[in-house]
Colleague: 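Take a look at the following structure, please.
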Amino acid sequence: MRRWLVFIAFLVLWQLATVRAGNPYFPPPLEIAKTAGQVWFTGPASHLFVTDAVTGDVLPSLGRLALGWLIAVAVGVPIGLALGRSPLVTDYVSTMFFFARSVPATLLVPVFLVMFGIGPRMEIVTILWGTVWPILLNTIDGARSVDDVKLDTSRAFRISRPHWVFGVVLPAALPKVFAGMRLALSIAVILMIVSELTGADSGIGFRMITAQGGSQLTEMWVWIVLVSVLGYLSNLLLTAVERRALAWHPGFRPDKLDAG
């Protein structure tokens, strides 16, 4: 409750400061909210008053964000588990991984644009490239954290390889895996916007740069605020999943997630 009071106080201060300043580059939040209603909810009644900005820009952006992030999870977690339990192989490929990770996905946007052309494929690949590394490296670190007692116990009971991976290694690595997924999700939101700023004909980033180019500053802020809200809600949703998935874990601290 106190967090919401602080947030409301922030909005009130923002409103008062921007009204007092009268700077067109920083519109008041009430004006932003009014413009958001006009941009998103002035469509026909047959479409529940939702405009094309929602169906043609917001929803496709969210779809590309989710798809790129989910592919990164599907690729990064299995490879990370395998490498985490294979120190020799990890030593051979670690230099390559860290080199590839050091190349920002934003710098590769022109390369992906040439390779995949304008469209969803380029945007999804950009998100995938930037998000797979924190998931992969955190999963490797988590898989390495399996203690010797569990290893000796599994050998004593002759646990099969699949049961060992999914019943011992993966549960032990889950805290690190979720940490990587949360970091990757915040990166995915940024890359979604960056990939749509160049060579795109739809999406939140496209609408943002179009509003900026047309000097529609309040509408530009509408899209900026939307990105912030999407980042917060996506992190909140993943945190809820993490709470449920790790409730059994002895080292899990829900209060740390609250602090984050």
Colleague: Which atoms form the tightest heavy-atom contact between Pro29 and Gln15, and what is the distance?
Modeller: CD-OE1, 3.2 Å
Colleague: Measure across Gly142 and Ala173 and return the closest heavy-atom pair with its distance rounded to 0.1 Å.
Modeller: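 Reported closest heavy-atom pair: C-CB, 3.5 Å.
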Colleague: Atom CD in Gln216, atom OG1 in Thr210: separation rounded to 0.5 Å?
Modeller: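 Nearest 0.5 Å value for the CD-OG1 distance: 8.5 Å.
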Colleague: Hydrophobic cluster membership, with links at side-chain heavy-atom distances under 4.5 Å among I/L/V/M/F/W/Y: are Val189 and Val225 in one?
Modeller: yes
Colleague: Tell me which pairs pass ring-ring contact (aromatic ring centres under 6.0 Å, His included) where either residue lies in residues 107-139, with sequence neighbours left out.
Modeller: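 Found Phe97-Trp133, Trp129-Trp133.
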Colleague: Name all residues meeting the side-chain contact (heavy atoms from CB on, under 4.5 Å) criterion together with Leu67; count only those two or more places apart in sequence or in a different chain, and write none if there are none.
Modeller: Ile71, Ile124
Colleague: Just jot down the ring-ring contact (aromatic ring centres under 6.0 Å, His included) partners of Trp69, sequence neighbours excluded, or say none.
Modeller: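 Testing Trp69 for ring-ring contact (aromatic ring centres under 6.0 Å, His included), a comparison that skips the adjacent residues, returns none.
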Colleague: Please test Met220 against Leu217 for side-chain contact (heavy atoms from CB on, under 4.5 Å), starting from the C-alpha separation and ending with a verdict.
Modeller: CA-CA 5 Å; Met220 180 187 71; Leu217 301 179; 4.3 Å; yes
Colleague: Of all heavy-atom pairs between Ile193 and Met208, which one has the smallest distance, and what is that distance?
Modeller: CG2-CE, 4.3 Å
Colleague: So if you build clusters from Ile, Leu, Val, Met, Phe, Trp, Tyr with side-chain heavy-atom gaps below 4.5 Å, do Leu83 and Phe99 land together?
Modeller: no
Colleague: Rounded at 0.5 Å granularity, tell me how far CE in Met192 sits from CD1 in Ile187.
Modeller: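 If we round to the nearest 0.5 Å, Met192:CE and Ile187:CD1 are 14.0 Å apart.
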Colleague: Sequence neighbours left out, what passes side-chain contact (heavy atoms from CB on, under 4.5 Å) with Val111? Give chain and number order.
Modeller: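 Val111: side-chain contact (heavy atoms from CB on, under 4.5 Å) contacts with Leu108, Met115.
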Colleague: Run the side chain to side chain donor-acceptor pair (under 3.5 Å) test against Glu31 and tell me which residues pass, sequence neighbours left out.
Modeller: Thr218
Colleague: Could you tell me the separation between the CG atom of Leu128 and the CD atom of Glu123, rounded to the nearest 0.5 Å?
Modeller: 13.5 Å
Colleague: Under the criterion side-chain contact (heavy atoms from CB on, under 4.5 Å), I'd like the reasoning laid out for Arg64 against Ser202: C-alpha separation, chi angles, the key distance, then a yes or no.
Modeller: CA-CA 12 Å; Arg64 293 188 286 265; Ser202 66; 4.0 Å; yes
Colleague: With Trp14 as reference, evaluate Leu16, Leu11, Val12 under the side chain to side chain contact (heavy atoms under 4.5 Å, CB included) test and give the passing residue.
Modeller: Leu11
Colleague: Would you say Val75 and Met96 are hydrophobically clustered, going by side-chain heavy atoms of ILVMFWY under 4.5 Å?
Modeller: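 Shared cluster, yes.
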Colleague: With sequence neighbours left out, write down each residue that passes side chain to side chain donor-acceptor pair (under 3.5 Å) with Thr126, or none if nothing qualifies.
Modeller: none
Colleague: Minimum heavy-atom separation for Gly130 to Leu191, with atom names?
Modeller: CA-CD1, 3.5 Å
Colleague: Do any pairs count as a salt bridge (Lys or Arg N to Asp or Glu O under 4.0 Å) and have a residue in residues 34-63, sequence neighbours left out, and if so which ones?
Modeller: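 Those involving residues 34-63 are Asp57-Arg207.
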Colleague: Working to the nearest 0.5 Å, report the span between OG1 of Thr139 and CE of Met181.
Modeller: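 With rounding to 0.5 Å, OG1 (Thr139) is 9.0 Å from CE (Met181).
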Colleague: Step by step, work out the side-chain contact (heavy atoms from CB on, under 4.5 Å) result for Leu226 and Leu230.
Modeller: CA-CA 6 Å; Leu226 176 63; Leu230 290 177; 4.1 Å; yes
Colleague: Give the C-alpha distance, both sets of side-chain angles, the deciding distance and a yes or no for side-chain contact (heavy atoms from CB on, under 4.5 Å) between Phe206 and Leu197.
Modeller: CA-CA 5 Å; Phe206 170 76; Leu197 292 177; over 6 Å; no
Colleague: Suppose we screen for side-chain contact (heavy atoms from CB on, under 4.5 Å). Which residues come up paired with Leu137, at least two apart in sequence or across chains?
Modeller: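 Here the qualifying residues are Phe98, Arg101, Ile140.
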Colleague: Tell me the side chain to side chain donor-acceptor pair (under 3.5 Å) pairs involving residues 168-177, sequence neighbours left out?
Modeller: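 Qualifying pairs: Asp141-Lys176.
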Colleague: Taking only residues two or more places apart in sequence, or in another chain, which ones meet Val114 in a side-chain contact (heavy atoms from CB on, under 4.5 Å)?
Modeller: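 With neighbours one apart ignored, the set is empty.
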Colleague: Please find the pair of heavy atoms, one from Thr18 and one from Pro27, that lie closest to each other, and give the distance.
Modeller: CG2-O, 4.0 Å
Colleague: Keeping Ser61 on the side-chain end and Ile204 on the backbone end, is there a donor-acceptor pair under 3.5 Å?
Modeller: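 Checking the backbone N and O of Ile204 against the side chain of Ser61, a donor-acceptor pair under 3.5 Å is found.
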Colleague: Any link between Ile8 and Val229 through a network of hydrophobic side chains (Ile, Leu, Val, Met, Phe, Trp, Tyr) touching at under 4.5 Å?
Modeller: no
Colleague: Scan for salt bridge (Lys or Arg N to Asp or Glu O under 4.0 Å) pairs involving residues 14-23, sequence neighbours excluded, and state none if there are none.
Modeller: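 For residues 14-23, and leaving out neighbouring residues, there are no salt bridge (Lys or Arg N to Asp or Glu O under 4.0 Å) pairs at all.
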Colleague: Keeping to residues at least two apart or across chains, list the ring-ring contact (aromatic ring centres under 6.0 Å, His included) pairs with something in residues 28-67.
Modeller: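 As it turns out, the ring-ring contact (aromatic ring centres under 6.0 Å, His included) pairs with a partner in residues 28-67, which skip direct neighbours, are Trp40-Trp223.
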Colleague: First locate atom CD1 of Ile190, then atom OG of Ser195, and finally report the distance between them rounded to the nearest 0.5 Å.
Modeller: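 Reported value, rounded in 0.5 Å steps: 12.0 Å.
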Colleague: Among the clusters formed by ILVMFWY side chains lying less than 4.5 Å apart, do Leu174 and Leu237 turn up in the same one?
Modeller: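 No, no single cluster joins them.
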Colleague: Could you check whether any side-chain N or O of Thr51 sits under 3.5 Å from a backbone N or O of Val39, counting only pairs where one atom can act as donor and the other as acceptor?
Modeller: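 At least one qualifying donor-acceptor pair exists.
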Colleague: Looking only at heavy atoms, which two atoms of Pro28 and Val19 are closest? And how far apart?
Modeller: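 Result for this residue pair: CG-CG2, 3.8 Å.
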